[in-house]
There are 2 protein chains.
Amino acid sequence: MSVASVNDTEVGEAAHTGILFGPLPGMLGYQIRQAQTAVFRDFATSVSGLEISPGEFSLLTLIDVNPGASQTQLTAVYKVDKSTLSLRISGLVKRGLVRRSRSKTDRRYYALWLAAPGRRLLGKVRQQVDRQERAMAAALGPDEREAMLGMLERIVRVFES
Amino acid sequence: MSVASVNDTEVGEAAHTGILFGPLPGMLGYQIRQAQTAVFRDFATSVSGLEISPGEFSLLTLIDVNPGASQTQLTAVYKVDKSTLSLRISGLVKRGLVRRSRSKTDRRYYALWLAAPGRRLLGKVRQQVDRQERAMAAALGPDEREAMLGMLERIVRVFES
DNA sequence: TATTGTTATACTCTATAACTATA
DNA sequence: TATAGTTATAGAGTATAACAATA
């Protein structure tokens with residue numbers, strides 16, 4: 001498909017119900033959304049019972065890799081408002097997954113760490129995420145997988161300005 | 001990157017704050033989510049003032065392409081609960097963007113159409129979406145863009161079973 | 001009985017604004 | 001004054017369950 005044809009009113013594939021998708025399947029934005037929804041749905045079923053969301057998995061991973069980091073530092077990477085992050089972290093602390101203590105040098109800061117149950121949970125979830133990643137990798141092959149990671153990063157960068 | 005390395009604890013790139021991303025940047029699920037967030041954010045700013053969400057754009061497009069379709073038919077494609085779709089459609093009807101009337105042959109059904117203001121709005125939003133698609137296409141080039149659409153569709157299919 | 005659609009309700013995730021405490 | 005974090009509140013988007021109307 002040429003770039004120009006993005007503007008055409010193409011007829012998308014019909015579902016088995018006879019409903020047409022119109023131009024949506026030819027749009028990257030739409031297909032990215034569909035893929036993201038599929039990945040989240042699979043995540044939810046594969047970790048059902050572990051009581052964890054994709055966002056919480058990211059958060060636990062970031063705290064694991066950055067022990068001692070503060071909430072404000074995390075918002076630079078996990079892009080939500082500090083009030084939202086406060087609620088998320090409070091939830092993880094209440095569940096015994098994360099521990100925090102005020103910094104000795106500047107008592108405004110918290111320092112965050114994974115508690116042992118958090119590390120255990122992260123390990124279990126990581127297994128499921130790795131399984132999910134392998135399933136996608138098998139559908140693409142190593143070269144396409146690597147190419148796709150690069151393309152997704154470039155797309156993010158398109159809108160950073 | 002090999003498929004096996006998905007399991008490694010790779011060190012992700014550091015943000016300009018010194019925070020590490022850990023294994024996240026090497027995960028398709030994570031990068032798909034990042035791209036989706038970036039696309040939605042750009043959508044929101046580019047159509048700000050038009051009071052429309054990405055989901056409403058999809059819905060208006062589907063109604064445009066399938067005039068006369070019922071709400072139940074739409075849920076086969078726009079995958080939300082019928083109660084959720086009822087609320088969404090009610091909102092579009094109240095805003096004068098969509099019209100509905102009971103089917104003559106089976107009065108349980110609604111038949112949905114775009115009202116004139118809905119068609120006008122969809123046209124404006126479509127211009128912005130096309131601009132967004134061209135921006136992404138420019139960052140990829142025609143071949144990669146087409147390849148990416150195919151890969152995204154395959155990823156959705158991985159989880160359909 | 002089954003299907004279409006609505007409503008009441010609740011849950012999750014989010015941001016804004018006002019706040020406390022520390023610096 | 002400025003920064004780190006919390007809380008109150010509100011809005012968007014979602015699903016479940018009970019329901020009314022129609023078949």
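Excluded from the calculations below are hydrogen atoms, water molecules and symmetry mates; all remaining heavy atoms, backbone and side chain alike, are included.
For Arg41(B) and dA15(C), the CZ to C1' distance is 12 Å, given to the nearest whole Å. The CD-P distance, from Gln71(B) to dT3(C), rounds to 17 Å in whole Å. Atom CG in Leu59(A) sits roughly 11 Å away from atom P in dC13(C) (whole-Å rounding). Across the protein-nucleic acid pair, Ile52(B) atom CD1 and dG13(D) atom P stand 11 Å apart, rounded to whole Å. Distance OH (Tyr109(A)) to P (dG5(D)): 7 Å, rounded to an integer number of Å. Leu74(B) places its CG atom 16 Å from the C1' atom of dT6(C), with the value rounded to the nearest Å. Atom CG of Asp81(B) is separated from atom C1' of dA10(C) by 14 Å (rounded to the nearest Å).
Residue whose closest nucleotide on DNA chain C sits further toward the 5' end, between Glu56(A) and Arg107(A): Glu56(A). Each of Arg102(A) and Ser53(A) was matched to the nucleotide of DNA chain C holding its nearest heavy atom; the match closer to the 5' end belongs to Ser53(A).
Using a 4.5 Å cut-off on side-chain heavy atoms (C-beta onward), Gln71(A) and Arg100(A) make contact. When side chains are defined from C-beta on, Met27(A) counts as touching Asp130(B), because their heavy atoms get closer than 4.5 Å. In this structure, the side chains of Tyr78(B) and Ser58(B) come closer than 4.5 Å at one or more pairs of heavy atoms.
Contacts between residues 82-95 of chain B and DNA chain C, defined by a heavy-atom separation below 4.0 Å, involve Lys82(B), Ser83(B), Ser86(B), listed by number.
The listed nucleotides are dT4(C), dT6(C), dG5(D); the one nearest the side chain of Arg108(B) is dT4(C). Side-chain proximity of Val80(B) to the nucleotides dT14(D), dA23(C), dT6(D) is greatest for dT14(D).
Contact annotation: Tyr110(A) side-chain N/O to dG5(D) OP1/OP2 distance is not under 4.0 Å. For the pair Gln73(B) and dT4(C), the criterion of a side-chain N or O lying under 4.0 Å from OP1 or OP2 is not met. Close to dT6(D), at under 4.0 Å from its OP1 or OP2, lies a side-chain N or O of Arg100(A).
Around CZ of Arg102(B), the count of heavy atoms belonging to other residues, nucleotides or ligands within 6.0 Å exceeds 12.
Connection of Trp113(B) to Leu121(B) is not established within any shared hydrophobic cluster, with ILVMFWY side chains joined at heavy-atom distances below 4.5 Å, either directly or through further cluster members.
With Thr61(A) as reference, Leu122(A) is the one residue of Leu114(A), Val129(A), Leu122(A), Val125(A) to meet the side-chain contact (heavy atoms from CB on, under 4.5 Å) rule.
Here Asp106(A) lies in heavy-atom contact (under 4.0 Å) with sugar-phosphate atoms only.
With no hydrogens or angles considered, no side-chain donor-acceptor pair links Thr72(A) and Ser70(A) at under 3.5 Å.
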